Student: 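Following this message is one structure expressed as structure tokens.
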Amino acid sequence: MAELLVKAVDASHSDPAKDAMCYKRGDVVDVQENGFAWGAMERLAPASGGQFAIIQISDVTRQQVINWVMNHWNTDIAGVDFEIVNNVTNTIRRRRVRIDVDLVPAGVKQTLNTTGFYSNTWAAIRQYVRNKQTDATASGATI
Amino acid sequence: MPTVRTVTVKSSGGDYTSLANAEAGEQGDLVAADTQLNIECYSMLDSGSVTISGWTTDATRYIAIYTPTSERHSGKWDTSAYRLLSTNNQAGIVNTQIGTQVDGLQVQTQMTGAYGVACVSDVPRVTNCVLKNQPDQIGQGIQHTATGLGDSFFVNNVIYDIFSNATFGSGYGNAIRCDNNTAEVYNNTIYNAYVGLMAVGHGGTNVIAKNNLLANCSFPAAGVFATGTDYNCTDSASMGYSPAGTHDRVSQTISFVDAANDDFHLASSDTSSIDHAVDLSASFTTDIDGETRGATWDIGADEYVSSGTEEDLAGQADGVSSVTAALEVSRELSPSTDGVSVITADLDVVRGLVPAADGVSSVTAALVVSRELSPSADGVSVISAALDVLRNLQVSAAGVSAVHGSLEGATIDVLAETFAPAQIFETFAPAQIFETFAPAQIFETFPN
């Protein structure tokens, strides 16, 4: 099982370039194994002023979803994969993958807001997972 | 003055479980909030790269990332202290924010086939850090290529294993690279780098380097540095930058404590750097270990201090709460002012632990106390000697409630207190006890 630390509140900046580096609602900030001892600010539910929600996917491993915390790189820059002098220069925005909160049922959103925690299977959650580069939702039985 | 907000990064029991998560959770407009953010990192392995971007900060409302003293390395890589291991092929910390400070961290990069990855990138103030690249990979230590983030201040860092090769040349493998901003580069120890100090495109006006120790580098330095750059030391035949400093030391034999095991503290035998630096106390006064720089400064991140503390550890101002000597204290730990609550010597106290002021609540010597533990002021509640007390545990003030001596050989002279039998924890020869205690008291506890 894996637990996803998901940004629950948009950060924003008036400068579009800076705004691209702001975490947005649904961004997967961190991935840990099931039962991970999250910190106090990581566990604090949005309704209590917290910034995150924790989504547990009961039938995937951390390793299967760890790439979700990679940023969205500009792979059009020649040599970007092998010349990362400055990570920010080549970053289009934070994270390649997000949870599309707009697709999440109201009841689940309410749970996430009040408790900061939601658990379900990959089959149930995959419909909310969206690739930022392609804007496609996840499909298939496995990741 | 901005409000100071402090959050913690701990493996358990803190606000966040990684520095990257703290950056995500706290991201915002510090200027509008009129807040300066402290991120305290506690002892743990923190795996993952950190990008500090998307904030609004300025020179007084900035982000300070640091380790508390108790969680910090001791001038060499320490696997029990806080350390950041970057995501593969990414920098350790990348910053785009004005005023960001990093102090007392350990950062190592990971690379597989990438190159140019830096331990710390575009953080304007980096102090007291231990930084290294993955061995045999081509990277950078500290690099500052951005503009407008504030003047750079790179001080008291140990940076090593920063490689390049003939193909990439001096573009990489820079332990400290300054492309922009005014930069002060002082008292860093750099070992096994392709280029120790690199100044690019400044025209000799912006980057000033003093007191840096550059050992085992292919090129100790390169570029045109500002006038005043001086007092740097290298084992190479030339420093490599221009203009040369009149006090630079080249072709030196540099002696570290244990370079093979990455301990770059100066050895007692070193003649290259000890007492050869210029005093920069107008900017800072301590070394990477937090030790006060001596009367004559040493070159590099470490100020050499002999294993024994040769001078008194004497709290001379109110408000000192702890006086501690980890090794040998060859003179007194004798605070003479109020406010000290704990005095501790872990090893050998050759002379006294003699508090002469009110407020000391505990005096402890872990091994040999060859002279007195003799508080002469009120307020001491516990006096403990764990092993051999060669002289007296002498109490001449009110308020002592317990005296512990683990072995034989000590006399206990109670001049101001009467002990109930239950408070005497140790066995002493009756002859010694008779000197001090009324027989009625002793016979109850230590029958012959």
Side-chain angles (χ1 to χ4, degrees), chain A residues 3-25 27-33 35-44 46 49-54 62 66-67 69-71 73 79-91 93-95, chain B residues 7-18 20-29 32 42 47-57 86-97 109 111-118 121-122 138-140 143-146 168 171-172 177 179:
Chain A
E3 292 187 358
L4 281 54
L5 184 70
V6 179
K7 195 73 166 48
V9 182
D10 279 347
S12 61
H13 199 286
S14 56
D15 178 347
K18 288 259 186 184
D19 190 62
M21 294 306 298
C22 291
Y23 283 100
K24 300 299 182 184
R25 188 173 69 151
D27 282 350
V28 180
V29 173
D30 195 7
V31 178
Q32 296 290 344
E33 300 289 357
F36 181 74
W38 296 101
M41 296 299 291
E42 295 162 344
R43 292 193 311 269
L44 190 64
Q51 290 284 316
F52 302 104
I54 296 167
R62 176 176 187 264
I66 190 65
N67 280 342
V69 302
M70 295 292 287
N71 283 337
W73 300 102
V80 65
D81 289 339
F82 297 102
E83 188 176 5
I84 308 170
V85 174
N86 185 327
N87 297 1
V88 174
T89 303
N90 301 324
T91 300
R93 56 189 163 181
R94 302 266 194 180
R95 302 305 188 246
Chain B
V7 297
T8 60
V9 175
K10 296 182 178 181
S11 57
S12 64
D15 295 318
Y16 296 96
T17 53
S18 71
N21 290 359
E23 196 273 340
E26 297 295 318
Q27 188 180 55
D29 187 340
Y42 285 69
S47 297
S49 295
V50 181
T51 300
I52 304 167
S53 188
W55 301 61
T56 301
T57 59
S86 82
T87 302
N88 194 33
N89 294 344
Q90 294 186 39
I93 298 174
V94 175
N95 174 65
T96 69
Q97 297 304 138
T109 57
M111 286 173 271
T112 306
Y115 56 87
V117 174
S121 182
D122 291 335
I138 298 167
Q140 311 277 53
Q143 67 173 11
H144 200 121
T145 60
F168 296 109
Y172 300 114
R177 177 184 176 119
D179 282 23

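Throughout, a chain's letter reflects where its sequence line sits, starting with A, and its residues are numbered from 1. The shown structure was predicted, so the numbers you read here are calculated from the model rather than taken from an experiment.
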Student: Without hydrogens or angle criteria, can the side chains of B/W55 and B/E26 be said to hold a donor-acceptor pair below 3.5 Å?
Tutor: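 Judged by distance alone, the side chains do not pair up.
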Student: So which residue, B/G14, B/G48, B/S18, B/S12, ends up with the most heavy-atom pairs under 4.5 Å with chain A?
Tutor: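 So the answer, after comparing B/G14, B/G48, B/S18, B/S12, is B/G14.
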Student: Among A/R94, A/Q51, A/R95, A/R25, whose side chain to side chain contact (heavy atoms under 4.5 Å, CB included) with A/K7 holds?
Tutor: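 So, applying the side chain to side chain contact (heavy atoms under 4.5 Å, CB included) to A/K7 and each of A/R94, A/Q51, A/R95, A/R25, only A/Q51 qualifies.
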Student: Contact part of B/S11 toward chain A, heavy-atom cut-off under 4.5 Å: side chain, backbone, both or neither?
Tutor: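 The backbone, not the side chain.
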Student: Main chain of A/G39, side chain of B/D15: is a donor-acceptor contact present, judged purely on distance under 3.5 Å?
Tutor: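 No; judged by distance alone, with no hydrogens or angles, the pair does not exist.
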Student: Any side-chain to backbone donor/acceptor pair from B/Q27 onto A/Y23? Under 3.5 Å, distance only.
Tutor: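 Checked: pair present.
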Student: For A/F52, is it the side chain, the backbone, both, or neither that has a heavy atom closer than 4.5 Å to a heavy atom of chain B?
Tutor: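 A/F52 touches chain B through side-chain heavy atoms alone.
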Student: Look at B/N21, B/D29, B/V9 and state which one has the largest set of heavy-atom pairs under 4.5 Å with chain A.
Tutor: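 Most pairs with chain A among the choices: B/N21.
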